[in-house]
Amino acid sequence: MFVDRYTEHSARGLAIKILTIAKGLQCGGCAYPTEADLKSLQKFFPEANLTKLVKIEKFHTKIQTILSKELQEALTQVTQALEEYKGQKARLISQMDAIPPSKAFTQEFLDAYTSLDRRINKLQDENDAFDKRAKLQKEKQEANHRYQEQLNTVLAQIEIVINSQMEAINDEFTGGYKGAQA
């Protein structure tokens with residue numbers, strides 16, 4: 001997120017400025033070299049122009065004072081900006097959280113849903129057809145069993161009728177004698 005990167009960059013810059021200010025203030029405004037410092041320097045560098053060196057140190061001190069003021073102002077500005085960015089970030093996150101989730105579906109999702117729905121319906125139809133086929137086969141077996149029972153009953157009745165008629169015909173020819181020969 002842009003705000004996070006900018007805030008992080010600003011915080012790093014702020015840390016560097018704070019370190020710079022701290023270093024500048026540590027030297028106590030970088031006072032002029034002491035007499036002992038100048039004597040030690042002249043011992044090692046006898047031809048050195050100490051007057052020019054003192055002028056240069058005065059110039060450095062003035063620059064240090066100006067830079068310290070500028071850095072303090074920059075530090076204040078960056079701190080304020082950082083706080084403002086943090087507030088903006090919190091507001092943006094709050095606004096993003098307030099956005100309701102989308103109820104619109106992508107075309108890819110709808111296509112996949114339609115495909116799955118059709119497949120489910122096809123499988124349900126196949127299951128229904130299988131159940132109906134199994135039921136019809138069972139009914140066919142039961143009907144076939146009843147048919148066989150009815151057929152056996154009818155054939156048994158026909159056999160009884162034929163046997164009794166044959167007996168009647170036989171009685172007519174034999175005169176009712178069972179052991180008679182024709």
Criterion side-chain hydrogen bond (donor to acceptor under 3.5 Å, both in side chains) on Asn152 and Gln148, from CA distance to verdict: CA-CA 6 Å; Asn152 289 338; Gln148 288 297 326; 5.0 Å; no

Full working for side chain to side chain contact (heavy atoms under 4.5 Å, CB included) between Arg118 and Thr114: CA-CA 6 Å; Arg118 286 181 185 155; Thr114 302; 3.7 Å; yes

Audit row: Gln157, Thr153, side chain to side chain contact (heavy atoms under 4.5 Å, CB included) steps and yes/no: CA-CA 6 Å; Gln157 288 175 352; Thr153 303; 4.0 Å; yes

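Counting only heavy atoms from C-beta outward, the side chains of Glu83 and Lys86 approach each other to under 4.5 Å.
With hydrogens and angles left out, the side-chain atoms of Asp128 and Gln124 include no donor and acceptor closer than 3.5 Å. A donor and an acceptor atom, one from each side chain of His60 and Gln64, are nowhere located under 3.5 Å apart.
Of the inter-residue distances, the one linking Asn49 atom CG with Gln42 atom CD reads 10.0 Å to the nearest 0.5 angstrom. To the nearest 0.5 angstrom, Gln141 atom CD is 12.0 Å from Arg146 atom CZ. For the atom pair CZ of Arg133 and CG of Leu136, the computed distance is 9.5 Å after rounding to the nearest 0.5 Å. In this structure, Glu167 CD and Asn170 CG are separated by 7.5 Å, a value rounded to the nearest 0.5 Å.
Remark: Glu108 CD is loosely packed, at most 12 non-hydrogen atoms of other residues, nucleotides or ligands lying under 6.0 Å away. Within 6.0 Å of the CD atom in Glu172, the count of heavy atoms belonging to other residues, nucleotides or ligands does not exceed 12.
When all heavy atoms of Thr79 and Leu75 are compared, the closest pair comes out as OG1-O, 2.7 Å.
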